[in-house]
Structures are given as structure tokens and as C-alpha cells.
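If you're wondering where the values come from, they're calculated on a predicted model, not measured in any experiment. Proteins come first, then strands; the chains are lettered A, B, ... in the order of their sequence lines, and each starts at number 1.
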There are 2 protein chains.
Amino acid sequence: MSEKKPRRLTAKGEATRLRIVAAAADLMYTQGVEATSVDDVIEASGTGKSQVYHYFSDKTELVEAVVRAQIERVLGEQAPFLDDLRTMRGFERWRDAIVVGVRGWRGAHGCPMGSLAGEIAGRCETARENLQRGFSVWQHWFRLGLERMQDSGELRPDADPEELAVGLMAAVQGGYLLVKTTRDERSMAIALDMALDSIRVALSAAE
Amino acid sequence: MSEKKPRRLTAKGEATRLRIVAAAADLMYTQGVEATSVDDVIEASGTGKSQVYHYFSDKTELVEAVVRAQIERVLGEQAPFLDDLRTMRGFERWRDAIVVGVRGWRGAHGCPMGSLAGEIAGRCETARENLQRGFSVWQHWFRLGLERMQDSGELRPDADPEELAVGLMAAVQGGYLLVKTTRDERSMAIALDMALDSIRVALSAAE
DNA sequence: GTAAAAATGTAGCAGATAGTACAATCTACT
DNA sequence: AGTAGATTGTACTATCTGCTACATTTTTAC
């Protein structure tokens, strides 16, 4: 009733399943999906082969679980900032969070969702659909924030929240790729600032 | 004298080497680097194992050759449009070319340079450096065009060509990723239009 | 408590993978 | 023509890959 395949899952079983997905997600994020073998996952998660194939019918299904996990992870991390997108200041705080977050691992490996999309969106239809939904939700938050700004009068009524949202998503993902390739965090700041400027020029005149 | 390793290369040898790289580039573009085996490349190029390992010491070296080939390919395709970036109209023609080009395979697999960057920039340093140079050259053309527009008076002197160029690159690559994931070509148009608008707001007043 | 079901351990297998060895053929250059 | 070196064909190997079979232990439900 709660899930599609209500195959009984013990608390212990659920825990190891989560450990497997977490280990797989980490490895696939840093090494790539194809470059991560099932044995790698087993070793990293401290489980056994029989366990992996008990909870997942094959590697593809494990990858799907990783995709869903990473979508939730990214949207979860973003949630507090996305909920704050009600003013231009909110968008600026969101920008700062992304720019800061891009230092460290995230700078070298990019957006956990975007990296997955880049590697498998062109080769696995169901994964593509899930990632599309992930991006769609993210974008939806952008649009929602912009519409709130229109309601409050901060953003002009003739601005197009949907197009601005798409532009923001592109800027974020393009920024991630540039940072990953150039190792220069400023790329993200510049990309996001350009997108934010597109919002700024559509702000109502006086403040 | 012409190359680093002036190992004698017959015309015939050069030809098969190119066939190998071309086949590898195609496969790695559509399937991914890691998902493409040396045997795949051999079959697709109509060569043999001894040939591949005669011209490349290992798979990594083949991948490096593919990286260089794809950089040249993309920059080569872009060249006529990049050279045309002397007016706002030039940027609009460039935009149209990208948007049109995104239909078909390119929409499903993204930018040949960007896809490679996404998969291996975080895991192979020399490949990352080459791809960084590729992006750098591309960006340089953007900046050059914008500086020409400043010289001609079309773009205001207080505009920052370097930052606009970074924003353009991010928009292109972000657009490619969104199109690949959503299968909606409009994402690219919207992303690029946002970037072009950032240039437009910096144009000199009268025309 | 006990039986069913879930969770885990151990062993192994068929095919793919990257890479090698070596012999045979072709090409360039004198 | 002939030789060195470039090119190519064939066969092979050691390891890794995803996956299965089956036995054992642990947990759940009555």
C-alpha cells in the first residue's frame, strides 16, 4: 500500500539497502556510474554480493535507486534556500549558498543530479525521466519564487517567471560544468550573477 | 619537427589512426567513454587489436586523442559563427545556429566537448586541462567579439566582456544539459536568450 | 516455540575487458 | 632489388564484470 512492490522489508533490511544505495551514490558521483562496479559498491558498503542482488535485481535497478536518492539529496539540500526565494535578497542568499558549496568536492564533481544526467540521460530512458522530474521540481521553485515577487510587486508583471527559471537552471548547471573543468569557482559566481541580473532588470522601478 | 613524438607515420598509418580516433570519438560521444570498450572501437573502425595498440599505448592515450579531436571538431564547427561575432546580429546568428544544431543527435547527447568534460574532467587531469583549454578558446572568441563591439561603439565601454563571455559559456553548456535531460529544445533557446539579453542591456543607447 | 520468510555468507561461472606476444605483410628509401 | 621499419593479422592471457546457485543464519508472525 505504501510502495509499488510491497515486498516485506525488515528494519535491518531497510538499513543495509540504504547503506548500499548511499555507497553506490557516493562512488558513482565521484567515479561515474559506468566506472563503478558492483564489487566496488559491495566493498564500500561493507556488504556482500548476495545482499546487493537481494535488494536489487540488477545493476540498472541499483542505478535507478541512486538516481532517486541523489535527486532527493540535492532537492533536500536546496530546500531551505528555495523556500526562501520570495525576494531578490532570497535569490542572492541562494546564489551565495551555491557559490560557497562549489568549493571542495562539489567543485571537482559538479552537481550530483547534473553529473548523473550528463552520463546517463542519453542512454537510460527511465533515469532520464526521473532526472527530468528532478530538474522540473527545482525549476518550479524558481518560478514559484518569481511569481511571489510578482504578487508582492517586487517583480514587474511583464516578466516571464518560467523563462527566467529555465535560464537560472541552465546557469547553475553550466556553472557546475565550468567549475568542474576549469577548477575556477568564479565561473559559478559569474554565471549565477548573469542570471540574477536578468531578474534585476525586470524588478519594479522604485524600492 | 612537426609533432612531439615524430614517430614515422605512413600515409596509410595516419589514415587508420584517424579512422580509429573517429570511431572512438563517435562511440564515446553516444555511449560514454567508460561504456565504450576497445573492442567496440575496433569493430566500428574496421581495424584490429594490433593496430589500436600500435598507435596508442593504452586506452587512456586513445581517450586523450579523442578529447583533442572533439575539441577541434567543436571549435571547427563553431569557427565561422565565432568569427562573425562582431555585432549583436552576429551573436543572434550564432544563437540560431546552436538552437538549430540541438535538434537530432546533438540534442540527445549534448555538446561533444561538454559531455566529455562532464564524464572525465573530474577523473583525468590531462584531459581536464585540454578541455579547459578548449573552453578557454571558445570563451576567448566571445570576448573578442564583445571587445570588437565595444571598439565599434555598439557595446558600452563599461560592459565586462570577460564576464559576459563566461556567462555565455555557462548558458551554452547548461542549455545542452537541459536539452539532453528534458528533450525540449526550447531550453537551449531560452538559456541563450537570457545570455544575449545580458549583452543587450549593455548595448549603447541609440541604434 | 515453531514455521515461514527475510537476510546474509560462500562459491563459482560465463562472458567481457584491457593488454600482450609474435609472426606475417606491406612500404619507404637507398 | 633489398633491407629496415612501419603496418597488420592471429592467438592468447589474466583479470574483472555482472550475475547465479545454494546453503546458512536471523527475524517475523502466529
What donor-acceptor contacts under 3.5 angstrom involve side-chain atoms of residues 169-181 of chain A, with partners at least two apart or in another chain?
from: K180(A); atom 1: NZ; to: G118(B); atom 2: O; distance (Å): 2.8
from: T181(A); atom 1: OG1; to: L177(A); atom 2: O; distance (Å): 2.8

Check side chain to side chain donor-acceptor pair (under 3.5 Å) between [X] and all other residues, then give those that pass, not counting sequence neighbours.
X	result
E129(A)	none
R93(B)	D84(B)
E14(B)	none

Side-chain donor-acceptor contacts of residues 104-117 of chain A below 3.5 Å, not counting sequence neighbours, with atom names and distances?
from: R106(A); atom 1: NH1; to: E77(A); atom 2: OE1; distance (Å): 2.8
from: S115(A); atom 1: OG; to: H109(A); atom 2: O; distance (Å): 2.7
from: S115(A); atom 1: OG; to: C111(A); atom 2: O; distance (Å): 3.0

Query - Proximity to DNA chain D (any heavy atom under 4.0 Å), residues of residues 38-52 of chain B only - result: S50(B), Q51(B)
Requested in this report: Tell me, please, which residues at least two apart from R143(B) pass salt bridge (charged side-chain N to carboxylate O under 4.0 Å, His left out).
Outcome: E147(B), E162(B)
Query raised in the report: How would you list, by chain and number, every residue that makes a salt bridge (charged side-chain N to carboxylate O under 4.0 Å, His left out) with D39(A), sequence neighbours excluded?
Result: K49(A)
Using atom types as modelled, flag every donor-acceptor pair under 3.5 Å from a side chain in residues 131-138 of chain B to any protein atom, sequence neighbours excluded.
from: Q132(B); atom 1: OE1; to: R128(B); atom 2: NH2; distance (Å): 2.8
from: Q132(B); atom 1: NE2; to: T182(A); atom 2: O; distance (Å): 3.4
from: R133(B); atom 1: NH2; to: N130(B); atom 2: OD1; distance (Å): 2.9
from: W138(B); atom 1: NE1; to: Q78(B); atom 2: OE1; distance (Å): 3.4

Query raised in the report: Counting distance only, does the side-chain N/O of E119(A) pair as donor-acceptor with the main-chain N or O of V33(A) below 3.5 Å?
Result: yes
Report task. Enumerate the residues from residues 12-20 of chain A whose closest heavy atom to DNA chain C is under 4.0 Å, giving them by residue number; use none for an empty result. Result -> K12(A), G13(A), T16(A)
Report task. With sequence neighbours excluded, give me every ring-ring contact (aromatic ring centres under 6.0 Å, His included) pair touching residues 82-104 of chain B. Result -> W94(B)-F142(B)
Query - Axis bend over the full length of the helix from dG1(C)-dC30(D) to dT30(C)-dA1(D), computed from five pairs that close each end, to 10 degrees - result: 20°
